[in-house]
Structures are given as structure tokens and as C-alpha cells.
Undergrad: 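Before I ask anything, here is the structure I am working with.
Side chains included, hydrogens not; waters and symmetry mates left out as well; all remaining heavy atoms used.
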Number of protein chains: 2
Amino acid sequence: MSNNKAMTNQTKKEYPKPYGYTSDIAVFTIVTEEKEPYKPPKMSLKLMLIQRAMVNAEGEKNSEAGKWALPGGFVHPNESAFEAAKRELEEETGVKDIHLKHYGVYDEPGRDDRGWVITNAHYAIVPEDSLIKRKANDDAARVELFKIDEIFSLPLAFDHEIIIRDAIKEIKKDLLQTTIAQKFLPSQFTYSELQAVLLTVTDDAAIKSDQAFARKIRMLPFIEEVDGKTTTRTSKKPTKLYRFVEMNVMKPIYTARY
Amino acid sequence: MSNNKAMTNQTKKEYPKPYGYTSDIAVFTIVTEEKEPYKPPKMSLKLMLIQRAMVNAEGEKNSEAGKWALPGGFVHPNESAFEAAKRELEEETGVKDIHLKHYGVYDEPGRDDRGWVITNAHYAIVPEDSLIKRKANDDAARVELFKIDEIFSLPLAFDHEIIIRDAIKEIKKDLLQTTIAQKFLPSQFTYSELQAVLLTVTDDAAIKSDQAFARKIRMLPFIEEVDGKTTTRTSKKPTKLYRFVEMNVMKPIYTARY
DNA sequence: AAAATAGTGTCTCTGAGACATTATGCA
DNA sequence: TGCATAATGTCTCAGAGACACTATTTT
């Protein structure tokens, strides 16, 4: 705000106010598909969706009943949308200190039939087990984890299709361009575990190749070897463990390698 | 939105509605500081700010009077915040088809003394000359272009300090990580012109070095040589011209060079 | 011994970076 | 001629990528 003209207009004209202000959260987890002993994991990126009830508390037919939607809710006036997302996520999953990122605003007129409702979209990364717990807590609403390629054959509520598409784009970008992959991993991990996470969103040959990736990981400035410690959880041969180092990574594309 | 519980709560409880919904725009331009014939340009990134009037149309003292602020205004109910930003920018500068990007939402309770006002922040990239034109059009409000390092010694209105800090961070990131640098350049440009744009936001040795950059530009997949054409606007020796190629760039940091 | 994953040795090739040199055309 | 900018030649070095091979441990 705060253009002079807009300001003076506003104080007399009283522009219409939005009807509602909400927060939605795309809750992602990476599930380990096959985990046999001494095997590197096969992982798969999944999104949590909630099926809307057929009727509301008054027994009236719910809008968008039966369709799948992102968890979320109204922002309280004493909090920001980000705080609301954090609160709602905690109510849903019982997990605190979760990686949460705002990635978009959806305010197209007509996107919600209840009126002018603005929503802030966030994505969250949660460990698989906290979602399983949640599911047990609340069997009233149907909660499911879906693989990325299953989602768009479901009936989705409101404009959640586009919100979910954007969430997927965002998390894929962030997984490859930032160090958030660590949020899906134990604090100490093997090269093949990091590789499995990255392979959920990329086909890049340099990441696919085991040897190439095992070599590469040691020269990444934001990853360091955990001295001496090994694990056998991914192979029979004891394997080196790595950890992320706190660091801001920012390589210009103009100096990258192609 | 659309958690079942939140939904039913809301339809009876009528959560408080925001008082206002606004759009702010951080308008950036890159001005050519010295331009002698046959010289590569020295460029500098600047941000447009508006000084708030002392009194409003009713003659009352304006809130945050005299302080510097981003242009912006209230979102109309028949448009999105992005459209509002586009409209307001056009009203300000008279320029259409401008690069505009949403980068943040500011909704902390108490950020605006008029009440619960949510603002969407965008940044825009406009050619230098359109801002000069605008300045001439409207001498009622003081409009100035400031260098990045001058901004934070100014008195800034509302929470615009943090909004501007984020804008600068965002545009710096985008300049180095995407191909938006082209928005500051003519459609055909020399290596030293692109270099000058990038040097407004980075010190990277590989970009600073003339020879290194001149070589590098030819192997960037998203830039191609304009065959045969040359210009002498940056040197006495005729210089090759380049253009951007439409392309999605996305190199994982895990395969970058360090 | 067989199987499976981790990790290294080695070779080739590309490109980064540094430095020197050449090319061009104005003043 | 002198100068400034553009562009190339050349050398060295690091690392990518491919392939083969070794290492470790379980069954």
C-alpha cells in the first residue's frame, strides 16, 4: 500500500474487504517403498490429502463434498498466515518444528464460491511416521498419502489442482537447488540415502550414477563426512556417513557447468 | 482452506475479516552510470520510492507522513493482487508488459496501524526511461530512484524496510539464478553489457573477469550468438551480439562446480 | 562361493582460470 | 602512434564421466 493517491482514496471510499483469509498446507513426506536389510532405499514423494465430508456439522451438504483437498483453515486475526499454517499443521499431525515454506497466494476472484477468500499456500516436510500417527488419531475424515502421479486423477476441491501443481513444482525445485533434502533424512546419512531422496524428483545422470554420486558428495561444500562413523543399514559393506553443514549456497547459472 | 473442522467452524463463527488487502511493488531499474562512446557500461541497480505526502486530501495529517514508501494500493475485489500490482504500476509509469513477480506476503498483526491489512509484495523491472517519464508526469509526490546502499539510511514507512530487504534479496537471487537479466538489456546485447548487469549484484570472480566471461557466455545453453551482427556501442572494435533463448534452466546444486 | 553394495584406480575429455598476445578502429 | 576494448592462443589444473576393479560383509 501507501501510494499517496490510493491512501487518500481509501480512507474515504472504504474499499471492500475480503470475506476470508485462509492458509493451506501441502504436506509432503518421502516414504521408503522397499526396505530390506542391507539395501539402499527406494523412495517416493507423497502428498497428504483430506477427503471433504459429505455434510457439515449442521447436517447441510458440504461444498465440494467428497472431493480431496489440502488441509488448512482460517487465519485468526492475531496471527500471520504462516503462523496459522504452523498451528494447523500441528493440530493435524501433532508435530512441531516442521519445515514449512510459503510459496504462493491464491486470490483469483471466484476461486471460492463463499466469496472473496484469499489463501496462502505453504508446503511442509514431515517425517513419514508422524503422518501415520495422525491417521490413527482422526478416522472421521479420510486422510491419505498419494504419489505425485496419482493426485491429478482424483477429484480435487476448489482450485486445489493448481495449488498442488505449484507445490510440487516448488518442492522439486527446492530439493535440487537448496539443502532441504536434509529434512527428509536422518541427521547422518549415506550417499545412497541422499541419492534416493533426489531421485524422487530428478533423472539427472550425475545423480543416478552410483559411483559418480558417491564421489561427488565428498566435494559438495555443504556436506561433510562424519569422521570414522559407518553404518550397515544400506549395505553389507560398512558405509560412510555424511551430514549437512549450515551454509548458504548460491551458484549463479552463469558460472555453472553444462 | 477446506479442512472439514475449520470449515464448519467458520460458517457459523464468522471469523474476523481482514480490514484491507493491498499490493506493493518494488520497482527496480538499472541505470547506466557512465556512458561514454566506445566504453562498456557501468551499471547500478536502483529502486523507486515515493515520499508520502504530509497531509491527505482532507487536509489531515497523513500517517507515516514524509517517509519513503513503495508504490502500491488497495486490491479491488474484482481482481487479484497480482493484477492490482500490474494496474497500479501501469498507472504509475504508464508502461505495460512489465516483468512483475510476486515474492512475499506481509500480514503480521500490527504491521499497519489502520488495522489488519495484508499486503502482497511484488518486484518489477522497468527500463530506466519509463521512470524518468513518470517523474515528469507527477510532480505532486516526490519520486526518487535510490541506489541499494542508500535506501536503508532513509526513513521508511510502515514495515517497508523488511519488504524492501526481501525484494533486494529476491531480485539478486533471480538475476543470478534465472535469465531475468535480459529484462534489463536490449534484445541483442554484448557480453560486457550482460556482465555489467550481473556485476550490480555479484562479485563473483568468474563474472568479473572480462576474458573469462566473454568465453563463458558462448557456452551458456540459454544464450546464443547473433550470427554476423556486431555493434561498436561498447568498444571501438566491433563486438559480437548475443540474445537469450527461451529455456528453463535448472541445475541441481548437487551437480554444480565448486 | 555368490551376491550385493561401497568405494577406488585410471583414463579421457571438457572446461575453468590465468596470462599473454593479437585484432580492430578511434583520437 | 597510442589507447581501449574484444577476442583468441596456450598452458595448467580440477573435475566429470565411464569403466573396470577392489573391498567388505551376509547368506
Undergrad: Between Glu144(A) and Arg142(A), is the salt bridge (charged side-chain N to carboxylate O under 4.0 Å, His left out) condition met? List the steps.
TA: CA-CA 7 Å; Glu144(A) 296 280 357; Arg142(A) 253 183 88 197; 3.8 Å; yes

Undergrad: Figure out the CG/C1' separation between Leu194(B) and dA6(D), and round it to whole Å.
TA: 15 Å

Undergrad: Under the side-chain hydrogen bond (donor to acceptor under 3.5 Å, both in side chains) rule, what pairs show up with a residue in residues 196-210 of chain A, not counting sequence neighbours?
TA: Gln195(A)-Asp210(A)

Undergrad: Please write out the pairs of protein N or O atoms and N or O atoms of nucleotides 11-14 of chain D separated by less than 3.5 Å, giving the distance to one decimal.
TA:
none

Undergrad: Using distance alone, with no hydrogens and no angle criterion, decide if Tyr123(B) and Asp174(B) have a side-chain donor and acceptor under 3.5 Å apart.
TA: yes

Undergrad: Could you give me the CA-CA distance, side-chain angles and deciding distance for Glu193(A) and Arg233(A), then say whether salt bridge (charged side-chain N to carboxylate O under 4.0 Å, His left out) is met?
TA: CA-CA 10 Å; Glu193(A) 289 169 333; Arg233(A) 67 173 175 260; 2.5 Å; yes

Undergrad: Round to a whole Å and report the spacing from CZ of Phe213(B) to P of dA7(D).
TA: 12 Å

Undergrad: Name all pairs fulfilling the side-chain hydrogen bond (donor to acceptor under 3.5 Å, both in side chains) condition that reach into residues 214-230 of chain A, sequence neighbours left out, sorted by first residue then second.
TA: Gln188(A)-Lys229(A), Glu224(A)-Arg243(A)

Undergrad: Who are the ring-ring contact (aromatic ring centres under 6.0 Å, His included) partners of Phe244(B), not counting sequence neighbours?
TA: Phe189(B)

Undergrad: Any side-chain heavy atom of Pro71(B) sitting closer than 4.5 Å to one from Val27(B)?
TA: yes

Undergrad: Check ring-ring contact (aromatic ring centres under 6.0 Å, His included) between Phe82(B) and all other residues, then give those that pass, not counting sequence neighbours.
TA: His122(B)

Undergrad: Please enumerate all residues that pass salt bridge (Lys or Arg N to Asp or Glu O under 4.0 Å) together with Glu170(A), with sequence neighbours excluded.
TA: Lys101(A), Lys173(A)

Undergrad: Select base, sugar-phosphate, or nothing to describe what Ala206(A) touches, counting heavy atoms under 4.0 Å on all strands.
TA: sugar-phosphate

Undergrad: Answer yes or no: does a side-chain N or O of Arg218(B) lie under 4.0 Å from OP1 or OP2 of dT8(D)?
TA: yes

Undergrad: Measure the distance from CG on Asp204(A) to P on dA16(D) and round it to the nearest whole Å.
TA: 12 Å

Undergrad: Would you say the side chain of Tyr242(A) lies within less than 4.5 Å of the side chain of Leu194(A), judging by non-hydrogen atoms?
TA: no

Undergrad: Using atom CD of Gln195(B) as one end and atom C1' of dT5(D) as the other, report the distance to the nearest whole Å.
TA: 11 Å

Undergrad: Assign a letter to each nucleotide of nucleotides 19-27 of chain D from its 5' end: B, base within under 4.0 Å of a protein heavy atom; S, sugar-phosphate only; -, no contact.
TA: BB--BBBS-

Undergrad: Nearest-Å distance, CG (Asp210(B)) to P (dA7(D))?
TA: 11 Å

Undergrad: List for me each residue that meets ring-ring contact (aromatic ring centres under 6.0 Å, His included) alongside Phe222(A), sequence neighbours excluded, and say none if there are none.
TA: Tyr254(B)

Undergrad: Just the table, please: protein N/O against nucleotides 11-13 of chain C N/O, every pair under 3.5 Å.
TA:
none

Undergrad: Which listed nucleotide (dT8(D), dA6(C), dA4(D)) is nearest to the side chain of Lys39(B)?
TA: dA4(D)

Undergrad: Quick one: on DNA chain D, does Leu241(B) or Thr255(B) contact a more 5' nucleotide (nearest heavy atom)?
TA: Leu241(B)

Undergrad: I want to check one thing: is the phosphate of dA6(D), taken as OP1 and OP2, less than 4.0 Å away from some side-chain N or O of Ser192(B)?
TA: yes

Undergrad: What does the 5'-to-3' dot-bracket notation of DNA chain C look like when only Watson-Crick and G-U wobble pairs under 3.5 Å count, and pairs to other strands show as |?
TA: |||||||||||||||||||||||||||

Undergrad: Below 4.0 angstrom from OP1 or OP2 of dA6(D), is there any side-chain N or O of Thr234(B)?
TA: yes

Undergrad: List for me each residue that meets ring-ring contact (aromatic ring centres under 6.0 Å, His included) alongside Tyr191(B), sequence neighbours excluded, and say none if there are none.
TA: none

Undergrad: What's the CZ-P distance between Phe189(B) and dA6(D), to the nearest Å?
TA: 14 Å

Undergrad: Partners of Glu161(A) by salt bridge (Lys or Arg N to Asp or Glu O under 4.0 Å), sequence neighbours excluded?
TA: Arg165(A)

Undergrad: Identify which one of Glu90(B), Glu83(B), Glu91(B) satisfies the salt bridge (charged side-chain N to carboxylate O under 4.0 Å, His left out) criterion when paired with Arg87(B).
TA: Glu91(B)

Undergrad: Mind calculating the distance between NZ (Lys216(B)) and C1' (dT14(C)) to the nearest angstrom?
TA: 11 Å

